[in-house]
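Just follow the structure's listing: the first ligand is 1, and inside any ligand the first atom is 1.
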Amino acid sequence: MNIKEKQLLIRERKLLAVDNIKSFLEKIKKEDKSINSFIYVAEKEALEQAKIVDKKIRENKKVGRLAGLAVAVKSCINVKGMPITCASRTLKKYVGTYDADVIKKIKEEDGIIIGMTNMDEFACGSSGETSAYGLIQNPVAKGRIPGGSSSGSTAAVAAGFCDIALGTDTGGSIRNPASHCGVVGIKPSYGRVSRYGLVDLSMSLDQIGPLCKDVYGAALMLEVIAGKSDKDSTTYEEKTDSYSSFKNIKNLKVGLSKDFESLCVDKRIYELIMKKVAELIKKTNSNILNVDLKHVKLAVQTYYPLVYVEFFSGTRKFDGRRYGEKIENSCGEEVLRRILGGREISRAEYGGQYYRKSLAAKKEIAKDLEEAFKKVDVIITPVTPKLPHKIGEKVSFKDMYAYDAFTIPANLAGICAGVIPAGTIDGVPVGLQVMAPAFKEKLLFEVLNSL
Ligand code: GLN
């Protein structure tokens with residue numbers, strides 16, 4: 001059953017919200033031991049909320065757009081009364097004291113928070129292997145990583161443990177696992193969704209976004225969480241209430257880039273993407289145009305100094321006085337690498353030269369995309385250059401960083417991008433990425449819906 005059908009069934013009382021939640025809770029109990037997608041399951045709270053929703057429907061009261069749907073939340077987004085661990089030892093004892101803007105909006109629309117998901121520690125990673133709560137398994141491609149860092153949220157959607165999940169994407173953390181687990185994942189334009197209540201990885205790049213099995217569900221969730229917030233000055237006032245009503249698109253100009261093709265290590269992935277592109281072109285009577293994105297090959301090198309510095313600065317509050325343990329004494333290897341790297345780059349002697357260089361390269365990448373979008377409506381690319389590796393395989397951190405070569409450019413440019421399943425290779429899901437100009441989410445959803 002897709003989200004639209006379920007939304008209706010619940011409203012018509014053909015499916016009780018309580019039964020929807022109960023069936024997820026049972027499935028989680030039975031199957032999540034081997035996947036490890038949740039850190040905390042909000043059994044009691046979710047059932048209580050579901051009863052309230054059912055009562056409202058029974059009494060013919062108006063209910064919200066997410067009425068009775070189960071929402072899983074990445075453990076770096078504040079939910080009042082739930083553990084916001086960031087999958088770290090550092091924040092093991094921290095319980096959310098308030099609702100993030102996105103959570104407030106979900107609750108206002110009668111969505112039901114079913115639990116807090118596992119993730120790469122502090123969202124640092126692309127594989128789901130760096131959590132202090134144990135690694136997350138890919139529920140669809142057994143024995144392989146699910147991708148990350150929104151690993152638990154994505155695995156929970158793919159395994160059928162919830163209707164929709166929230167992830168965060170700084171350099172690909174929604175799109176990369178969406179690709180590996182065969183679901184839809186959206187990174188909204190920077191400023192589309194309020195970051196108030198998110199424990200940041202890198203505040204100039206982070207965005208909260210939806211993961212779902214279908215495009216409609218992802219669009220619906222983005223409609224709910226998007227919009228201006230007084231608590232996040234980077235958000236904009238713009239109409240966001242029509243993402244989930246799709247019109248059929250025709251005569252698109254679809255951009256492809258050789259610069260991405262050459263970075264794709266596993267050529268089978270590129271071939272699969274091209275096959276899907278050919279289908280789209282035929283179906284929508286569209287055209288392909290090549291775009292020049294010569295600076296995207298610098299994306300990974302540009303991204304990491306920015307993330308290191310911003311992460312280092314953001315983690316200074318975790319000094320052990322307020323939230324629990326001092327981060328340097330309690331974190332894993334990858335988090336420590338970023339703190340030490342960020343401290344080094346920020347040293348006064350360097351006068352900000354590395355950070356400034358990265359900012360300059362970021363501008364060039366954004367400019368490439370801006371120029372490209374004068375010629376084309378959307379750009380289609382693979383999501384990752386390789387298939388997800390097998391659990392236990394040793395991958396160097398540099399190779400891990402290179403995983404995000406196709407996803408980072410959208411974050412650096414602040415544009416929106418989404419991933420949809422394109423097929424499988426050796427039984428492993430492979431996604432396709434559509435990039436659209438900043439604040440063109442509606443177009444993005446329409447293209448995803450046509451794929
Ligand atoms: N893999 C990237 C990193 O480790 C992206 C993380 C993210 O998007 N949260 O920084």
What does the N/O contact table under 3.5 Å look like for ligand 1?
{"unit_1": "ligand 1", "atom_1": "1 (N)", "unit_2": "Gly125", "atom_2": "O", "d": "3.1"}
{"unit_1": "ligand 1", "atom_1": "1 (N)", "unit_2": "Ser126", "atom_2": "OG", "d": "2.8"}
{"unit_1": "ligand 1", "atom_1": "1 (N)", "unit_2": "Asp404", "atom_2": "OD2", "d": "2.5"}
{"unit_1": "ligand 1", "atom_1": "4 (O)", "unit_2": "Gly125", "atom_2": "N", "d": "3.0"}
{"unit_1": "ligand 1", "atom_1": "4 (O)", "unit_2": "Tyr304", "atom_2": "OH", "d": "3.4"}
{"unit_1": "ligand 1", "atom_1": "4 (O)", "unit_2": "Arg338", "atom_2": "NH1", "d": "3.3"}
{"unit_1": "ligand 1", "atom_1": "4 (O)", "unit_2": "Arg338", "atom_2": "NH2", "d": "2.7"}
{"unit_1": "ligand 1", "atom_1": "8 (O)", "unit_2": "Thr170", "atom_2": "N", "d": "2.7"}
{"unit_1": "ligand 1", "atom_1": "8 (O)", "unit_2": "Gly171", "atom_2": "N", "d": "2.8"}
{"unit_1": "ligand 1", "atom_1": "8 (O)", "unit_2": "Gly172", "atom_2": "N", "d": "3.3"}
{"unit_1": "ligand 1", "atom_1": "8 (O)", "unit_2": "Ser173", "atom_2": "N", "d": "3.1"}
{"unit_1": "ligand 1", "atom_1": "8 (O)", "unit_2": "Ser173", "atom_2": "OG", "d": "2.7"}
{"unit_1": "ligand 1", "atom_1": "9 (N)", "unit_2": "Ala123", "atom_2": "O", "d": "3.1"}
{"unit_1": "ligand 1", "atom_1": "9 (N)", "unit_2": "Ser149", "atom_2": "OG", "d": "3.3"}
{"unit_1": "ligand 1", "atom_1": "9 (N)", "unit_2": "Thr170", "atom_2": "OG1", "d": "3.3"}
{"unit_1": "ligand 1", "atom_1": "9 (N)", "unit_2": "Ser173", "atom_2": "OG", "d": "2.7"}
{"unit_1": "ligand 1", "atom_1": "10 (O)", "unit_2": "Tyr303", "atom_2": "OH", "d": "2.7"}
{"unit_1": "ligand 1", "atom_1": "10 (O)", "unit_2": "Arg338", "atom_2": "NH1", "d": "2.9"}

Polar side chain donor-acceptor pair, Ser244 to Lys4, under 3.5 angstrom: no
Distance-only polar pair, side chains of Ser34 and Gln137, donor-acceptor under 3.5 Å: no
Cation-aromatic face contact Arg192/Phe439, 6.0 Å, 45 degrees: no
Gap between atom NZ of Lys394 and atom NE2 of His389 - 0.5 Å precision: 9.0 Å
Aromatic ring pairing Phe161/Phe38, orientation class (parallel under 30°, perpendicular over 60°, tilted between): tilted
Side-chain H-bond candidate by donor/acceptor type, Thr384 with Ser179, under 3.5 Å: no
